[in-house]
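Below is one structure, written out as structure tokens; comments come after it.
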Amino acid sequence: MSILSPRFYRIQFFKILRSGGTPEYIARSVFCGVFAGLTVPLLQIPVAILIAWIFKANKTIASLATFVSNPLTYPIFWFSALFIGSFFISGNEQFLADCQKHFFELSFWINLDWWKLGGSTVLMFVTGGAILGVILGSFAYFWTKNKVIKKRAKRKQNERAFKSTKEAK
């Protein structure tokens with residue numbers, strides 16, 4: 001199954017919802033993964049595991065949540081990170097213009113040579129990615145927490161209904 005398949009993400013989502021722990025624990029784990037997935041362009045999973053270890057979160061869930069950043073979302077998140085970072089770090093304006101010009105060309109983003117960009121551009125990217133990671137990670141935290149609470153309440157309700165129908169027989 002490809003990571004570009006919607007079924008892959010649906011399966012991962014249900015794995016996250018069914019995992020053990022409090023809703024806050026699961027949501028904190030998702031936050032760590034989303035933050036790492038948006039901040040670091042390479043080595044996202046090891047960074048997510050490290051962040052999850054620091055914040056005492058589930059490392060597996062954090063690893064799964066890094067898939068928020070994938071080949072389909074690279075142009076959107078990477079350009080957004082560069083754009084946001086450009087407000088805080090002055091860097092390669094020509095590179096930003098190239099990003100705007102080749103925004104919808106996936107090959108441009110995948111074949112990006114990070115070593116040739118220069119330190120200020122990479123710092124601009126990481127700064128913008130960290131800000132974007134905190135914003136979207138916070139959204140993912142509250143959304144996941146809400147989904148886990150609802151899923152568990154529905155499961156309890158179904159168990160009670162099953163138990164009452166079993167006792168009625």
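Numbers here are sequence positions counted from 1.
With Asn146 contributing its side chain and Trp143 its backbone, the two residues share no donor-acceptor pair below 3.5 Å. Between the side chain of Arg28 and the backbone N or O of Lys56 there is at least one donor-acceptor pair closer than 3.5 Å. Here the side chain of Thr66 pairs a donor or acceptor atom with the backbone of Ser63 at under 3.5 angstrom.
With rounding to the nearest 0.5 Å, the separation of OG1 in Thr127 from CD1 in Ile84 is 11.0 Å. Interatomic distance, CD1 of Ile45 versus CG of Leu64, reported as 8.0 Å (0.5 Å rounding). Here the OG1 atom belonging to Thr73 is positioned 4.0 Å from the CG atom belonging to Asn70, to the nearest 0.5 angstrom. Rounded to the nearest 0.5 Å, atoms CZ (Arg152) and CZ (Arg155) are 7.0 Å apart.
Put simply, the side chain of Tyr25 reaches to within 4.5 Å of the side chain of Asn58, judged on heavy atoms. Lys59 places none of its side-chain heavy atoms less than 4.5 Å from the side chain of Ser29. Looking at heavy atoms from C-beta onward, Ile131 lies out of side-chain contact with Val134 at the 4.5 angstrom threshold. For the pair Phe77/Val68, a side-chain contact is recorded, criterion being any heavy-atom separation below 4.5 Å from C-beta on.
The shortest non-hydrogen separation linking Cys32 to Ala62 is CB-CB, 4.2 Å. The nearest pair of heavy atoms linking Ala36 to Gln44 is CB-O, 3.8 Å. When all heavy atoms of Ser80 and Leu132 are compared, the pair lying nearest together is CB-CD2, 4.0 Å.
Tracing side-chain contacts under 4.5 Å through hydrophobic residues (I, L, V, M, F, W, Y), one never reaches Val122 starting from Val40; they form parts of separate clusters. Taken together through direct or relayed side-chain contacts under 4.5 Å among Ile, Leu, Val, Met, Phe, Trp and Tyr, Leu136 and Phe55 form parts of separate hydrophobic clusters. Ile149 and Phe142 are not part of a single hydrophobic cluster, where members link through side-chain heavy atoms under 4.5 Å apart. In terms of hydrophobic clustering, with Ile, Leu, Val, Met, Phe, Trp and Tyr side chains grouped at heavy-atom distances under 4.5 Å, Met124 and Phe83 are assigned to a common cluster. Leu82 and Phe88 fall within a single hydrophobic cluster, where Ile, Leu, Val, Met, Phe, Trp and Tyr side chains are chained together by heavy-atom contacts under 4.5 Å.
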Would you please test Thr144 and Ile26 for side chain to side chain contact (heavy atoms under 4.5 Å, CB included) and show each step?
CA-CA 8 Å; Thr144 303; Ile26 295 169; 4.0 Å; yes
How far apart are the C-alpha atoms of Tyr141 and Glu24, what are their side-chain angles, what is the distance that settles it, and do they pass the side chain to side chain contact (heavy atoms under 4.5 Å, CB included) test?
CA-CA 8 Å; Tyr141 174 89; Glu24 292 80 13; 3.8 Å; yes
Full working for side chain to side chain contact (heavy atoms under 4.5 Å, CB included) between Val47 and Thr39:
CA-CA 9 Å; Val47 171; Thr39 303; over 6 Å; no
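Using the six-membered ring where Trp is involved, Phe31 and Phe35 have ring planes that are parallel, under 30° apart on the 30 and 60° scheme.
The environment of Lys147 atom NZ is sparse: at most 12 non-hydrogen atoms of other residues, nucleotides or ligands sit within 6.0 angstrom.
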